[in-house]
Amino acid sequence: MASPEVVRLEDVWVDYDGLLALEGVNLSIRQDDFLGIIGPNGGGKTTLLKVILGLIKPSRGQVWVLGDAPERSRRLIGYVPQYRHFDPDFPISVWDVVLMGCYGRAGLLGRYSRQDKKKAMDALETVEMLDRRDRQIGRLSMGEQQRAFIARALVAEPRLLLLDEPTASIDAPMQTEFYELLASLKRRMAIVLVSHDISAVSIYVDKIACLNRRLFYHDSKELTAQDLEAAYRCPVQMIAHGVPHRVLPEHQGQ
Amino acid sequence: MIEALHYEFMRNALYAGLLASVACGLVGVYVVVKRVVFISGGIAHASFGGIGIGYFLGLNPILGAMVFSLASALGMGWVSKKTRLPEDTAIGILWALGMALGIIFISLAPGYSPDLFSYLFGSILTVSLPDLILMLILDAIIVAVVLALYKAFLALSFDEEFGTVVGVPALPLYLLLLCLVALTVVVLIRVVGIILVIALLTLPAAIARQFSHSLGKMMALAVIIGAAFTMSGLWLSYELDLASGATIILVAGGTFLLSILYKNIVRRRTQARA
């Protein structure tokens with residue numbers, strides 16, 4: 001039996017003042033999915049995440065998150081934005097950043113409860129950052145900042161975790177650690193991660209989609225050569241070779 | 001300085017300086033970290049239109065300034081978030097329009113023409129008891145709002161997008177923040193004047209930022225630094241017989257340069273040791 005659906009997009013189009021970012025995207029994400037979305041820069045990956053979060057309204061099409069409008073369900077989404085979307089000199093500690101994830105429970109005028117603080121501790125424990133909670137966030141290494149933002153997304157106990165280019169700023173050994181962290185989380189929530197780096201993504205995720213305005217996705221880890229060619233507009237071999245786990249089916253003939 | 005405090009106008013000036021440092025310390029921190037310095041300058045200058053209309057209608061000019069600065073804060077905030085007009089264009093237009101309206105209405109006002117200089121550059125030595133009471137009320141409003149919404153303003157300033165996702169009402173809060181800037185402008189007009197307001201909004205917070213790792217500590221430090229500037233500026237202007245508003249700003253600007261210099265020396269030393 002298939003697990004419950006957390007996200008459903010039907011024929012979603014987005015344009016920015018006449019410039020098409022998404023074209024007729026259909027997508028269904030289920031509770032136990034660990035989906036990697038790859039595609040070239042400017043292919044609409046961030047736009048797709050923001051549509052799911054309800055931050056961008058599609059010009060056409062329907063979006064459901066947990067069976068409801070994104071604005072109403074997004075408190076159950078953990079969001080890890082692209083690296084350095086914030087001012088590195090901002091005077092704020094890791095602890096205050098993580099607590100921000102509890103805002104939905106505390107509300108506009110409320111204070112963070114003891115339970116919120118407990119959850120923030122647990123989230124920091126999960127990403128192994130508890131000992132650095134009093135440090136200013138901008139003074140940490142990129143990998144540590146990334147883990148702090150994941151902790152901030154986890155405190156709300158989301159049913160869906162969205163990560164935008166999470167590995168763009170961290171080096172290779174850190175990436176392995178990072179994917180292992182995600183692998184340990186995937187039993188607790190659906191995970192969607194977006195990247196332009198096809199080789200890194202393909203090892204760990206369970207399913208892969210390819211996005212360049214149009215979405216190529218077969219609810220599996222396989223993409224056809226035609227999909228990749230259509231999305232990347234370049235010969236596929238350049239991308240597919242050297243990938244530890246095959247993304248493409250075996251070449252026929254030869 | 002001590003004997004000067006026997007004069008009531010000197011004591012009032014001292015109180016006004018202290019009240020101003022509370023407002024500019026708290027709100028200035030948001031102005032600096034949320035990067036709304038230019039929009040704050042626009043709000044301050046647009047308020048001059050209110051001063052002019054106040055004179056023309058025979059009302060208290062400071063009340064006119066309050067109405068105008070609040071309206072321009074809401075207007076600029078709305079335009080910058082909800083229309084396609086570039087934010088800096090909107091600010092520039094309101095900035096100049098407010099000043100022009102002020103000049104026209106003051107020249108049309110019946111009777112003798114008031115001292116424009118005191119509103120443009122402040123006149124802390126002529127602060128009266130009703131002025132102080134108004135400043136106290138505005139300070140109380142600012143402190144109450146910042147205490148109640150500290151968590152929400154922190155999310156808004158640090159990461160507006162994530163804030164929106166977790167349920168922070170970003171646009172209303174942003175407009176409220178600009179209204180706090182408008183109230184602070186009104187508090188500061190008597191102390192340093194419209195043209196110099198922006199200095200007291202930014203300098204104490206900018207110095208405090210270099211020595212603090214949390215927004216709350218930055219605010220406390222900015223209030224203390226602001227108080228030190230107004231006190232020492234007031235004393236210097238009394239001793240040297242200089243314009244008080246400008247002296248306060250020069251003390252603040254000089255200290256800011258010294259703090260940058262100090263930070264650089266400390267950084268070089270730690271790098272040399274490492």
Apply the test side-chain contact (heavy atoms from CB on, under 4.5 Å) to residues B:L200 and B:I249: give CA-CA distance (whole Å), side-chain angles for both, the deciding distance (0.1 Å), then the verdict. CA-CA 7 Å; B:L200 266 200; B:I249 302 303; 4.2 Å; yes
Worked verdict on A:V94 versus A:E144 for side-chain contact (heavy atoms from CB on, under 4.5 Å): CA-CA 10 Å; A:V94 170; A:E144 289 169 330; over 6 Å; no
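Contact tally against chain B (heavy-atom pairs below 4.5 Å) for A:M100, A:R111, A:R135, A:R105: the top residue is A:M100. Of the listed residues (B:M218, B:E161, B:K217), the greatest number of heavy-atom pairs within a distance under 4.5 Å of chain A belongs to B:E161.
Taking every heavy atom of both residues into account, A:V98 and A:A120 meet most closely at CG1-CB, 3.9 Å.
The environment of A:Y112 atom OH is dense: over 12 non-hydrogen atoms of other residues, nucleotides or ligands sit within 6.0 angstrom. Around atom CD of A:E128, no more than 12 heavy atoms belonging to other residues, nucleotides or ligands sit under 6.0 Å away.
Not a single donor-acceptor pair under 3.5 Å links the side chain of A:R133 to the backbone N or O of A:W95. With hydrogens and angles disregarded, no donor-acceptor distance shorter than 3.5 Å links the side chain of A:E125 to the backbone of A:L130. With hydrogens and angles ignored, the 3.5 Å screen pairs a side-chain donor or acceptor of A:D116 with a backbone N or O of A:S113. Judged purely by atom type and a 3.5 angstrom limit, A:S73 has no side-chain atom pairing as donor or acceptor with the backbone of A:P70.
Contact check for B:I194 versus B:S47: side-chain heavy atoms found under the 4.5 Å cut-off. With contacts defined as side-chain heavy-atom distances shorter than 4.5 Å, the pair B:S40/B:I198 qualifies. Contact annotation: the side chain of B:R269 never approaches that of B:V266 to less than 4.5 Å [non-hydrogen atoms, C-beta and beyond].
Contacts between residues 205-212 of chain B and chain A, defined by a heavy-atom separation under 4.5 Å, are made by B:R209, B:S212. Residues of residues 28-37 of chain B lying under 4.5 angstrom from chain A, judged on non-hydrogen atoms, are B:V33, B:R35 in numerical order. Residues of residues 136-157 of chain B that come closer than 4.5 Å to chain A, counting heavy atoms only, are B:L147, B:A148, B:L149, B:K151, B:A152, B:L154, B:A155, B:S157, ordered by residue number.
None of A:L49, A:L182, A:V192, A:V194 except one satisfies the side chain to side chain contact (heavy atoms under 4.5 Å, CB included) rule with A:L163; the exception is A:L182.
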Hey, can you pull the donor-acceptor pairs under 3.5 Å for the side chains in residues 167-178 of chain B, sequence neighbours left out?
| unit_1 | atom_1 | unit_2 | atom_2 | d |
| --- | --- | --- | --- | --- |
| B:Y174 | OH | B:E87 | OE2 | 3.4 |

